[in-house]
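Side chains included, hydrogens not; waters and symmetry mates left out as well; all remaining heavy atoms used. All of these numbers come straight from a predicted model, not from anything done at the bench.
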Amino acid sequence: MTLVSDAIRFQDVGKTFQTREGKPLIALETVNFEVGAGEFVSLLGPSGCGKTTLLRMVAGLLSPSWGRIVVGGSDVTAPRPDFGIVFQQPLLLPWLSVMSNVLLPVDVQGRRVADYRDEAMRLIEMVGLKGFEQRFPSELSGGMQQRVALARGLIHDPRLLLMDEPFAALDALTREQMNIELQRIWSANRKTVLFVTHGIQEAVFLSDRVVVMSARPGRIARIVDVPFERPRHPRLMGTAAFAEIAAEIRAIFDASHGEDDRTEAAA
């Protein structure tokens with residue numbers, strides 16, 4: 001893949017943590033892959049495989065123990081204001097309105113908030129919350145709160161959007177609806193997106209490519225291309241072609257997990 005300004009490159013990236021006993025714990029081991037500008041790429045793997053750790057290193061919230069993470073030709077060494085992050089929980093400030101929560105990043109970055117009000121209104125409407133601008137988080141459902149978090153992640157026009165299982169806490173129907181909305185919003189904005197998920201169907205429905213990770217220490221088991229044209233209708237998930245790709249990813253995951261179990265048993 002040809003690297004362009006918004007591309008991400010993971011080059012021999014590894015991460016080791018220290019346990020409470022002072023022993024090293026290898027979370028990630030020699031990760032290499034690239035994300036092209038405007039691509040939607042999902043990180044898929046079991047709990048504890050390092051998906052969120054990778055995302056946090058891209059965000060500059062953690063540093064690799066070895067290797068490099070390069071965005072647009074520059075090493076990531078600290079948090080950057082041109083990245084947007086959406087976490088598993090909405091993390092809205094309860095004393096702020098929807099509008100004020102959406103505008104919070106530009107306020108924190110010291111920008112002139114008044115210059116972003118029209119954009120905040122556009123984003124609030126885009127995520128389906130027009131008329132709720134002055135409501136407070138306690139007046140919103142979980143799905144509505146996550147829509148606010150998504151608008152907040154886009155308010156400062158980030159070059160890269162990092163999403164850490166943003167819909168995991170939602171019920172199945174709301175989650176499906178949010179997947180459809182995210183696809184629509186991504187198609188309208190074409191941000192580079194790195195999306196962490198445990199859901200195979202969610203990853204296939206949303207992504208251009210799915211990076212399948214092994215159990216800890218996290219490695220890249222395989223990268224699967226998703227060939228479906230956009231926009232993608234939910235009916236796609238009931239087709240044989242969709243089931244075939246989902247089954248391929250499941251087989252990769254099962255084979256990788258089995259290898260890790262055998263390695264641990266031998267040790």
Any heavy-atom pair between the side chains of [Y] and [X] that's under 4.5 Å?
X    : Y    : answer
F195 : L161 : no
T30  : W66  : yes
R184 : P231 : no
M121 : E133 : yes
Q146 : V86  : yes

message = Between the side chains of E125 and R122, is the shortest nitrogen-to-carboxylate-oxygen separation below 4.0 Å, so that they form an ion pair?
response = no
ask   = If you measure from the Lys or Arg side-chain nitrogens to the Asp or Glu carboxylate oxygens, is any gap between D208 and R230 under 4.0 Å?
value = yes
Working to the nearest 0.5 Å, report the span between [atom1] of [X] and [atom2] of [Y].
X    : Y    : atom1 : atom2 : result
F167 : E176 : CZ    : CD    : 12.5 Å
Q88  : L170 : CD    : CG    : 9.5 Å
L162 : K191 : CG    : NZ    : 12.5 Å
L150 : Q145 : CG    : CD    : 14.0 Å
I185 : L123 : CD1   : CG    : 8.5 Å
T16  : E29  : OG1   : CD    : 9.0 Å

inquiry  = Classify the ring geometry of F10 against F33: parallel below 30°, tilted from 30° to 60°, perpendicular beyond 60°.
reply    = parallel
query = Any idea how F228 and F242 line up, ring-wise: parallel (<30°), tilted (30 to 60°), or perpendicular (>60°)?
reply = parallel
Taking all heavy atoms of [X] and all of [Y], pick out the closest pair and write down the distance.
X    : Y    : value
F87  : R56  : CE2-NH2, 4.3 Å
F132 : L140 : CD2-CD2, 3.8 Å
P94  : P137 : O-CD, 3.8 Å

query = Would you find more than 12 non-hydrogen atoms of other residues, nucleotides or ligands less than 6.0 Å from R232 atom CZ?
reply = yes
query = Between the side chains of T197 and E202, does any donor sit under 3.5 Å from an acceptor?
reply = yes
query = F17 ring centre to K15 NZ or CZ under 6.0 Å, with the angle to the axis within 45°?
reply = yes
